[in-house]
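Note on naming: letters A, B, ... go to the chains in the order of the sequence lines (proteins, then strands), and numbering restarts at 1 for each one.
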Amino acid sequence: MATTIQKPRGTQDVLPKQIAIWQYIEQQLRETCTRFNYKEIRTPMFEHIELFKRGVGDTTDIVSKEMYDFFDKGNRHIALRPEGTASTVRAYVENKLYGETDIQKLYYLGPMFRYERAQKGRLRQFNQFGIEALGSFDPMIDAEVVALAMDFYQNLGLANIKLVINTLGDLESRLAHRQALVAHFTPVVEELCQDCQSRLEKNPLRILDCKVDAKHPSMATAPKIIDYLNDESRVYFETVLATLTQMEIPYVVDPTLVRGLDYYNHTAFEIMLDDPNFGAQTTLCGGGRYNGLVEQLGGPATPGIGFGLGIERLILALEQQNVTLPITDQLDVYVMGLGANAKTASAKLLNQVRQAGLSGEMDYQGRGMKAMFKAANRVQAKYAIILGEEELANHVCQVKNLVEATQETIALNDVVAYLQANQ
RNA sequence: GCGAUUGUGGUGAAGUGGUUAACACAUCUGAUUGUGGUUCAGACAUUCGAGGGUUCGAUUCCCUUCAGUCGCCCCA
């Protein structure tokens with residue numbers, strides 16, 4: 001036997017057994033978007049690497065060390081997309097979607113790529129669903145974006161989820177906060193971890209998010225963004241929270257919540273699985289506002305907000321919480337032909353059944369009748385049709401209800417009508 | 001990228017430096033000739049992730065590599 005080839009590290013095959021779950025989830029996502037009036041957009045899975053450097057940010061982990069990039073035959077520097085927002089905004093700008101209407105509500109669904117060490121809930125190719133609302137700077141739409149995610153999870157029946165929210169403020173607020181952070185941490189910088197020492201210059205906000213230094217005394221007393229918000233930013237955030245409250249969506253404000261991508265400002269949120277037995281990757285969904293990103297990518301000044309959520313992590317969470325999805329994997333009929341002539345006739349009959357819109361299967365392994373019944377059970381067929389030489393001669397067949405274990409003789413010409421009447 | 005750990009048939013798993021690699025489930029066949037999910041009998045790994053080394057001999061020892069899992073980092 002030739003040596004087998006394995007899938008690349010951090011990738012996954014979704015097998016037929018699992019596919020019903022995926023299709024169900026995807027269908028729920030699309031249905032949710034329809035209700036919230038978000039339209040799908042499909043962008044390439046690879047882009048010029050520059051897009052992510054400019055859009056997501058050079059200093060972020062995603063861009064600086066997790067990019068799946070290569071040079072193509074035309075020597076273009078290409079990267080597989082690590083997230084969906086940059087591509088969506090690029091398409092928005094490139095296709096001048098801002099000219100169609102003043103607000104665009106978009107969603108995407110597809111694989112993303114990040115070159116990381118794989119572990120449970122973290123893959124090199126994973127699937128993300130995300131939405132982007134472009135063109136509105138209204139706290140109601142921040143609430144709507146959060147509400148869509150929560151609505152989706154709740155409809156699936158996923159319990160034990162926690163919405164964590166924070167504001168990063170606008171540019172002015174962030175600058176004031178940043179200065180305060182630098183002033184606060186500079187005296188103790190030597191005591192912080194290596195990463196935080198470099199964060200102090202590049203992005204001091206991220207120090208707050210550091211797990212290594214979480215217990216350092218300077219953390220508790222660190223300046224909080226809330227104290228540095230200007231009036232506009234504060235009122236905006238308060239309105240977002242008030243709207244969520246009106247919508248009866250519970251949330252927890254976490255002043256230390258900092259998202260990893262450079263483009264965020266104002267509202268930032270995560271939805272996490274609130275279960276201590278779940279493993280290290282508890283973030284199911286993350287998002288926030290990114291006013292300024294559209295400009296940064298060459299478009300007109302346009303506010304935006306969105307989120308991304310991971311399908312693989314969602315499935316893990318559903319399994320962990322023992323959520324059963326309403327998925328049925330049944331077949332309408334299993335046709336059994338006995339003898340050469342009847343076998344041929346059964347193929348014809350099966351084809352008629354299928355053309356009539358019913359699902360069906362037959363045996364292609366030369367099995368005996370007993371084995372065919374077992375096969376029929378395995379595919380969860382509702383009916384078995386037995387067609388032997390004798391029935392064939394009389395233009396009839398036996399239709400057996402496998403659930404009730406009842407059986408009737410039906411004329412071949414009436415089989416389809418009989419099955420349709422007994423769905 | 002770093003650290004730890006694991007890798008035996010379709011699946012879950014025992015096991016040992018040496019003539020036949022347990023067991024269970026699944027699958028297939030049969031238990032008189034055309035009827036299922038129970039029971040019983042039988043079949044099913046020239047092979048122990050891959051490559052190399054030590055040895056008279058390795059699935060068991062060593063090295064390399066690939067992959068999984070967990071932790072760090074980060075995030076979906």
* For A/Y236 and A/R289, test the side chains for any donor-to-acceptor distance below 3.5 angstrom and give the result as yes or no. => yes
* Expressed in whole Å, how much space separates the P atoms belonging to B/A13 and B/U8? -> 9 Å
* Could you work out which one of B/U29, B/A4, B/C75 sits closest to the side chain of A/T283? => B/C75
* Distance between P atoms of B/G49 and B/U11 (Å, rounded) -> 13 Å
* Using a strict 4.0 Å threshold on nitrogen-to-oxygen distance, state whether A/E83 and A/R81 make a salt bridge. => no
* Asked: Atom CE of A/M369 to atom C1' of B/C28: distance rounded to whole Å?
  -> 19 Å
* Asked: Across the strands shown, which category fits A/D61 at heavy-atom distances under 4.0 angstrom: base, sugar-phosphate, nothing?
  -> sugar-phosphate
* Paired and unpaired positions of RNA chain B as dot-bracket, Watson-Crick or G-U wobble under 3.5 Å, | denoting a partner strand -> (((((((..(((.....[....))).(((((.......))))).....(((((..]....))))))))))))....
* A/D58 with A/K53: basic N within carboxylate O range, under 4.0 Å -> no
* Of all the nucleotides listed (B/G71, B/A76, B/G36), which has the minimum atom distance to the side chain of A/K370? -> B/G36
* Aromatic plane relationship, A/F129 with A/Y107 - under 30° parallel, 30 to 60° tilted, over 60° perpendicular -> tilted
* Of the listed nucleotides B/G36, B/G34, B/C72, the one nearest the side chain of A/L338 -> B/G34
* A/L316 CG to B/G68 C1', straight-line distance once rounded to whole Å -> 14 Å
* Any donor-acceptor N or O pair under 3.5 Å, side chains A/Q398, A/T409 -> yes
* **Integer angstrom distance from the C1' of B/U20 to that of B/U46** => 12 Å
* What nucleic acid atoms does A/G130 come within less than 4.0 Å of, heavy atoms only: base, sugar-phosphate, or nothing? -> nothing
* Asked: Taking the same atom, P, in B/A26 and in B/A41, what whole-Å distance lies between them?
  -> 15 Å
* Asked: What interatomic distance, in whole Å, is found between C1' of B/C61 and the corresponding atom of B/U55?
  -> 10 Å
* Sugar-phosphate only, base, or nothing, as touched by A/L284 at under 4.0 Å among non-hydrogen atoms -> sugar-phosphate
* Can you check the A/R378 CZ to B/G36 C1' distance for me, whole Å? -> 11 Å
* Asked: Expressed in angstrom and rounded to an integer, what is the separation of A/I311 atom CD1 from B/A76 atom P?
  -> 13 Å
* **Interatomic distance where CG belongs to A/L15 and P belongs to B/G10 [whole Å]** => 15 Å
* Asked: In whole Å, what separates the P atom of B/G71 from that of B/G15?
  -> 27 Å
* Closest-nucleotide 5' rank along RNA chain B - winner of A/G368 and A/T11 -> A/G368
* Side chain of A/Q6: nearest nucleotide among B/A67, B/U35, B/A76? -> B/A67
* Could one point to a donor on the side chain of A/Q407 or the base of B/U35 with an acceptor on the other under 3.5 Å away? -> yes
* Asked: Can you tell which of B/C75, B/A67, B/C73 lies closest to the side chain of A/R9?
  -> B/A67
* Looking at B/C73, B/G1, B/G34, which one has an atom nearest to any side-chain atom of A/Q119? -> B/C73
* Decide, applying a 5.5 Å centre-distance limit and a 30° plane-angle limit (both strict), whether A/F373 stacks on B/G37. => no
* B/G34 base to A/E391 side chain: any donor-acceptor pair below 3.5 Å? -> yes
* Provide, to the nearest angstrom, the distance between the CD atom belonging to A/E66 and the C1' atom belonging to B/C75. => 7 Å
* Asked: Would you say the side chain of A/K400 and the base of B/G36 hold a donor-acceptor pair, judged only by whether the two atoms sit under 3.5 Å apart?
  -> yes
* Asked: Which is true for A/R367 with a 4.0 Å heavy-atom rule: it touches a base, it touches only sugar-phosphate, or it touches nothing?
  -> sugar-phosphate
* From the list B/A31, B/A76, B/U29, which nucleotide is the closest neighbour of the side chain of A/A371? -> B/U29
* To do: Could you check whether A/G10 gets within reach of a base, just the sugar-phosphate, or nothing at all, counting any heavy atom under 4.0 Å?
  => sugar-phosphate
* Heavy atoms under 4.0 Å, any strand shown: does A/E390 hit a base, just sugar-phosphate, or nothing? -> base
* Between the base of B/A76 and the side chain of A/E116, is there a donor-acceptor distance below 3.5 Å? -> yes
* Asked: Is the closest basic N to carboxylate O distance between A/R354 and A/E361 below 4.0 Å?
  -> yes
* Asked: Would you say A/R117 reaches B/G71's phosphate, i.e. side-chain N/O to OP1/OP2 under 4.0 Å?
  -> no
* Main-chain N/O of A/A118 paired to A/R9 side chain as donor or acceptor, under 3.5 Å -> no
* Considering the options A/N166, A/T282, A/T283, which one meets the side chain to side chain donor-acceptor pair (under 3.5 Å) requirement together with A/E270? -> A/T283
* Asked: At under 4.0 Å between heavy atoms, what does A/Y115 touch on the DNA or RNA strands: base, sugar-phosphate, or nothing?
  -> sugar-phosphate
* Asked: A/L123 has an atom CG; how far is it from atom C1' of B/G68, in whole Å?
  -> 12 Å
* In whole angstrom, give me the gap between the C1' atoms of B/A24 and B/U19. => 27 Å
* Polar side chain donor-acceptor pair, A/D170 to A/S173, under 3.5 angstrom -> yes
* Asked: Just how far, in rounded Å, is P of B/G49 from NZ of A/K7?
  -> 16 Å
* To do: Examine the base of B/C73 for any acceptor or donor lying under 3.5 Å from a partner atom in the side chain of A/R122, and report the outcome as yes or no.
  => yes
* Are the ring centres of A/H266 and A/F137 closer than 6.0 Å? -> yes
* Asked: When rounded to the nearest Å, what value does the distance between C1' atoms of B/G42 and B/G52 take?
  -> 42 Å
